[in-house]
Asks: 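Dumping the structure here so I can ask a few things about it.
Per chain, numbering begins at 1; letters A, B, ... match sequence-line order.
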2 protein chains.
Amino acid sequence: MNTQNLERNAHEWCRMEATSRQLAALAHPARLSILNQLAAADACCVKDVVGRVGLAQSTVSQHIRILVDAGLVTYRANRQASAYALDRAALHALSGEIDALFETCCGTGCERCDR
Amino acid sequence: MNTQNLERNAHEWCRMEATSRQLAALAHPARLSILNQLAAADACCVKDVVGRVGLAQSTVSQHIRILVDAGLVTYRANRQASAYALDRAALHALSGEIDALFETCCGTGCERCDR
DNA sequence: GACTTTCATCGTATATCGACGATTTACGAT
DNA sequence: ATCGTAAATCGTCGATATACGATGAAAGTC
């Protein structure tokens, strides 16, 4: 790869890195399950999630932390029942990024894609 | 988690596992970059990808294999210039899965979401 | 004050990932 | 037959991910 290409693709690469970070946060069945549960309730405490996914409390706490760090879940501290909720704006943004990727993939003419 | 919930969520969990496997395949900047390049060309050989992402040939080969194993990329064997291409149908299916997840998240009424 | 509940964090063990160089395989060209 | 190229695979390593139990900290209950 020559230097010009490196520079030309710098922004693109950076964006992909950010997107892949969020995708990595999604890429675990337990975390998808957690997101699913957070979607059902307006807000959720850790204890409820623990009962659902069947993992140890410390493990669930870690998974939720990963989602928070990725910016997909918001956190309102409350010692007795910390309230976690989906960051719907962030999920929409990620959805847009993914759509953009698939748009590109269908840009040259895809019979299955009407975009 | 009681047994009833375990059984009730079995299918759901299985689906999430499958989805998370594909998301994991997407969750790396190099692989997003590879997908992007495959999107531009109708088909692509490994060498071209190597030039673009600036990684060793063996590394690129591994990344592509991950995409193929995840069912996101198709492979037409040709010793001199193996042709890889996006599996557009699979990408559409994954997009649908992701949309379903976000749909659920906005199901209880999201002012930002018109779905 | 003692106890319980809820949650975060630490430490640890194990498994998987990511990158590379080296090697192997297959083919076309000379 | 030999060489060069393209690609897959192997082996290795450091880094990261995943899971757990143990421990600690805050807040409510007796």
Side-chain angles (χ1 to χ4, degrees), chain A residues 1 6 13-14 16-35 37-38 41-85, chain B residues 1 6 13 16-35 37-38 41 43-85:
Chain A
M1 185 194 245
L6 275 172
W13 185 265
C14 174
M16 283 172 178
E17 224 166 26
T19 303
S20 68
R21 245 191 296 275
Q22 293 196 312
L23 285 171
L26 287 183
H28 192 286
R31 292 197 286 273
L32 287 182
S33 178
I34 290 170
L35 279 184
Q37 188 176 18
L38 292 183
D42 258 5
C44 222
C45 61
V46 175
K47 179 195 147 202
D48 298 336
V49 180
V50 170
R52 186 172 203 243
V53 301
L55 293 173
Q57 175 265 324
S58 57
T59 307
V60 171
S61 194
Q62 277 184 134
H63 278 306
I64 292 180
R65 191 185 209 287
I66 288 170
L67 291 170
V68 171
D69 286 347
L72 299 174
V73 164
T74 63
Y75 171 49
R76 190 163 52 77
N78 182 350
R79 272 293 164 188
Q80 285 306 94
S82 298
Y84 290 98
Chain B
M1 185 193 245
L6 275 172
W13 185 265
M16 282 171 179
E17 224 166 25
T19 304
S20 67
R21 245 191 297 273
Q22 291 196 313
L23 285 171
L26 288 182
H28 193 286
R31 293 196 286 271
L32 287 182
S33 178
I34 291 171
L35 279 184
Q37 188 176 19
L38 292 183
C44 223
C45 62
V46 175
K47 179 193 147 204
D48 297 336
V49 180
V50 171
R52 187 172 203 245
V53 301
L55 293 172
Q57 175 265 324
S58 57
T59 307
V60 171
S61 195
Q62 279 185 132
H63 279 305
I64 291 180
R65 189 185 209 288
I66 289 170
L67 291 170
V68 171
D69 286 348
L72 299 174
V73 164
T74 63
Y75 170 49
R76 190 165 50 77
N78 181 348
R79 272 295 164 190
Q80 287 304 98
S82 297
Y84 291 96

Asks: Specify the residues of residues 63-71 of chain B, ordered by number, for which at least one heavy atom lies under 4.0 angstrom from an atom of DNA chain D.
Replies: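 Output list: R65(B).
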Asks: For the residue pair L55(B) and H63(B), establish whether any side-chain heavy-atom pair is separated by less than 4.5 Å.
Replies: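 L55(B) reaches H63(B) side chain to side chain.
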Asks: Would one find a side-chain N or O of Y84(A) under 4.0 angstrom from OP1 or OP2 of dC7(C)?
Replies: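 No, no such contact exists.
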Asks: With a 4.0 Å cutoff (strictly under), does any side-chain N or O of T59(B) reach OP1 or OP2 of dG18(C)?
Replies: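 Answer no for this pair, as no side-chain N or O of T59(B) is under 4.0 Å from OP1 or OP2.
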Asks: If I take atom CZ in residue R76(A) and atom C1' in nucleotide dA8(C), what distance separates them, rounded to the nearest angstrom?
Replies: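 That distance rounds to 17 Å.
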Asks: Rounded to the Å, how far apart are L26(A) CG and dT18(D) P?
Replies: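 Those two atoms, CG and P, are 12 Å apart.
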Asks: Checking R76(A) side chain against A83(A) main chain: does a donor-acceptor pair fall under 3.5 Å?
Replies: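 No; judged by distance alone, with no hydrogens or angles, the pair does not exist.
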Asks: Are the side chains of V53(B) and T59(B) in touch, meaning some heavy atoms are under 4.5 Å apart?
Replies: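 V53(B) vs T59(B): side chains apart.
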Asks: Report the distance from atom OG1 of T19(A) to atom CG of L26(B), rounding to the nearest 0.5 Å.
Replies: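 If we round to the nearest 0.5 Å, T19(A):OG1 and L26(B):CG are 10.5 Å apart.
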Asks: Just verifying a value: how many Å separate C44(A) SG and Y84(A) OH, rounded to the nearest 0.5 Å?
Replies: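 So the SG of C44(A) and the OH of Y84(A) are separated by 11.0 Å.
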Asks: For the pair made of CD in Q62(A) and P in dC7(C), what is the distance, rounded to whole Å?
Replies: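 From Q62(A) CD to dC7(C) P: 16 Å.
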Asks: Mark yes or no for a side-chain to base donor-acceptor pair under 3.5 Å between Q57(B) and dA8(D), with no hydrogen or angle criteria applied.
Replies: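 In this structure, the two groups form a donor-acceptor pair.
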Asks: Among dA7(D), dA22(C), dG21(D), which is the nearest nucleotide to the side chain of C45(B)?
Replies: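 Closest of the options to the side chain of C45(B): dA7(D).
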Asks: Can you tell me the distance, in whole Å, between the NZ atom of K47(A) and the P atom of dG28(D)?
Replies: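 Distance, rounded to whole Å: 16 Å.
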Asks: Grab the CG-P distance between L55(B) and dG18(C) for me, whole Å please.
Replies: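 It works out to 11 Å between those atoms.
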Asks: State whether the side chain of Q22(B) and the backbone N or O of A70(B) hold a donor-acceptor pair below 3.5 Å, judged by distance alone.
Replies: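 Flag set: sc Q22(B) to bb A70(B) pair under 3.5 Å.
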Asks: For S61(A) and dA8(C), is the shortest distance between a side-chain N/O and OP1 or OP2 below 4.0 Å?
Replies: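 For S61(A), the contact criterion (side-chain N or O under 4.0 Å from OP1 or OP2 of dA8(C)) is met.
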Asks: Is H28(B) close enough to dT16(C) that one of its side-chain N or O atoms is under 4.0 Å from OP1 or OP2 there?
Replies: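 No, H28(B) has no side-chain N/O under 4.0 Å of OP1/OP2 on dT16(C).
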Asks: Below 4.5 Å, heavy atoms only, C-beta onward: do L35(A) and V73(A) meet side chain to side chain?
Replies: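 Answer yes - side chains close enough.
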